[in-house]
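See structure below.
In the text below, chain A, chain B and the rest are named by the order of the sequence lines, each starting its count at 1. This is a predicted model, so every value here is computed, not measured.
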2 protein chains.
Amino acid sequence: MPRFTHPRLEDVPLDLALHALADPNRLGMVARLAATERLSCSDAAPCDSIPKSTLSNHLKLLRAAGLIETTQVGREMINTLRRSEFDGRFPGLLDAVLANNSG
Amino acid sequence: MPRFTHPRLEDVPLDLALHALADPNRLGMVARLAATERLSCSDAAPCDSIPKSTLSNHLKLLRAAGLIETTQVGREMINTLRRSEFDGRFPGLLDAVLANNSG
DNA sequence: GCATACAGTTCAATATTCCCGAACTATTAA
DNA sequence: TTAATAGTTCGGGAATATTGAACTGTATGC
């Protein structure tokens, strides 16, 4: 099974981070993770209608951007925000984005 | 000649703004405009090698995101940042992005 | 005036990226 | 060991992005 690779935050370029956040579905998931600590993939989904493969791709992108960490627990993949690491790499960015979300 | 349409900032969704900033070329142009006040299209270009049509498209996208205003002066198109308007719509966002640029 | 250069846009074709159904893998439950 | 669950990967069509070529409108030179 996939043991995911998580990038070091210093290797994440700003463009990639912004691109990851520049999508309503992904941003919604990040916002949810910011409020909820730990979520399985399906629980992190922004809505019921989104296909599994699409959801999986979004989460892969969020991983690549250094925004989330995914670990396997049983048959679930548990996702958490890499909040402090991300904030260390891009100070103030996530706060600003989340503060302007759904406003 | 094209008299450009500039959106009201309240009509700009966050995704669109982030998408506009999530590109090295466009972000470079925004950073330059933040430092330079007024720039023609070619002066705003992030490098010499970028084709004119690509540059024109990037600027169109920045306009659609409410980030820049373009007005014709003679045969040049002069671009300026809509800084205060953008900041009013998305407080702290542009500051955070620019502060994390080229770091 | 008329031709030429210039600044940038628009168009259309190519190249890239994204989305999602279908098939697959691994883990748990019966 | 069979079936169900949770999610990944693959592949092809849809949507976007890039860019050369043709075009528009403005200024300059003769």
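In summary, the side chains of B/Ser84 and B/Asp87 do not present any donor paired with an acceptor at a separation below 3.5 Å, with no hydrogens or angles considered. The closest side-chain donor-acceptor pair between A/Thr54 and A/Asn57, if any, does not fall under 3.5 angstrom.
Expressed to the nearest 0.5 Å, how far CG of A/Leu81 lies from CD of A/Glu37 amounts to 9.0 Å.
Put simply, B/Leu62 and B/Leu9 are part of the same group of oily side chains (I, L, V, M, F, W, Y) that touch within less than 4.5 Å, one to the next. B/Leu21 and A/Leu98 end up in the same hydrophobic cluster when Ile, Leu, Val, Met, Phe, Trp and Tyr side chains are linked at under 4.5 Å.
Inter-residue side-chain proximity for B/His6 and B/Thr70 is flagged as met; some heavy-atom pair is nearer than 4.5 Å. A heavy-atom distance below 4.5 Å is found between the side chains of B/Leu93 and B/Leu18. Residues B/Arg82 and B/Leu67 fail the side-chain proximity criterion, which asks for heavy atoms closer than 4.5 Å.
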Heteroatom pairs (N/O) under 3.5 angstrom, protein to nucleotides 12-21 of chain C:
from: C/dC18; atom 1: OP1; to: A/His19; atom 2: NE2; distance (Å): 3.0
from: C/dC20; atom 1: OP2; to: A/Thr54; atom 2: OG1; distance (Å): 3.2
from: C/dC20; atom 1: N4; to: A/Asn57; atom 2: ND2; distance (Å): 3.3
from: C/dG21; atom 1: N7; to: A/Ser53; atom 2: OG; distance (Å): 3.0
from: C/dG21; atom 1: O6; to: A/Ser53; atom 2: OG; distance (Å): 3.0

What pairs of nitrogen or oxygen atoms, one from the protein and one from nucleotides 28-30 of chain C, lie under 3.5 Å apart?
from: C/dT28; atom 1: O2; to: A/Arg75; atom 2: NH1; distance (Å): 3.4

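For the pair A/Arg38 CZ and D/dA6 C1', the interatomic distance rounds to 16 Å; values are reported in whole Å. B/Leu55 has its CG atom 13 Å from the P atom of C/dA7, to the nearest Å. Residue B/Met77 contributes atom CE, which lies 8 Å from atom C1' of C/dT9 at whole-angstrom precision. Atom CZ of B/Phe4 is separated from atom P of D/dT24 by 16 Å (rounded to the nearest Å). The interatomic distance linking B/Leu59 (CG) with C/dA7 (P) rounds to 15 Å, in whole Å. Protein atom NZ of B/Lys52 is 9 Å distant from nucleotide atom P of C/dA7, rounded to whole Å. Counting to the nearest Å, the P atom of D/dG7 and the CG atom of A/Leu62 are 15 Å from each other. Remark: P of C/dA7 and CD of B/Gln72 are 13 Å apart, rounded to the nearest angstrom.
Across D/dG7, C/dT27, D/dT9, the shortest atom-to-atom separation from the side chain of A/Lys60 is found for D/dT9.
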Derivation and outcome, side-chain contact (heavy atoms from CB on, under 4.5 Å), residues B/Arg83 and B/Leu94: CA-CA 8 Å; B/Arg83 184 32 122 180; B/Leu94 191 51; 4.0 Å; yes
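For C/dG8, one of the phosphate oxygens OP1 or OP2 lies less than 4.0 angstrom from a side-chain nitrogen or oxygen of B/Ser42.
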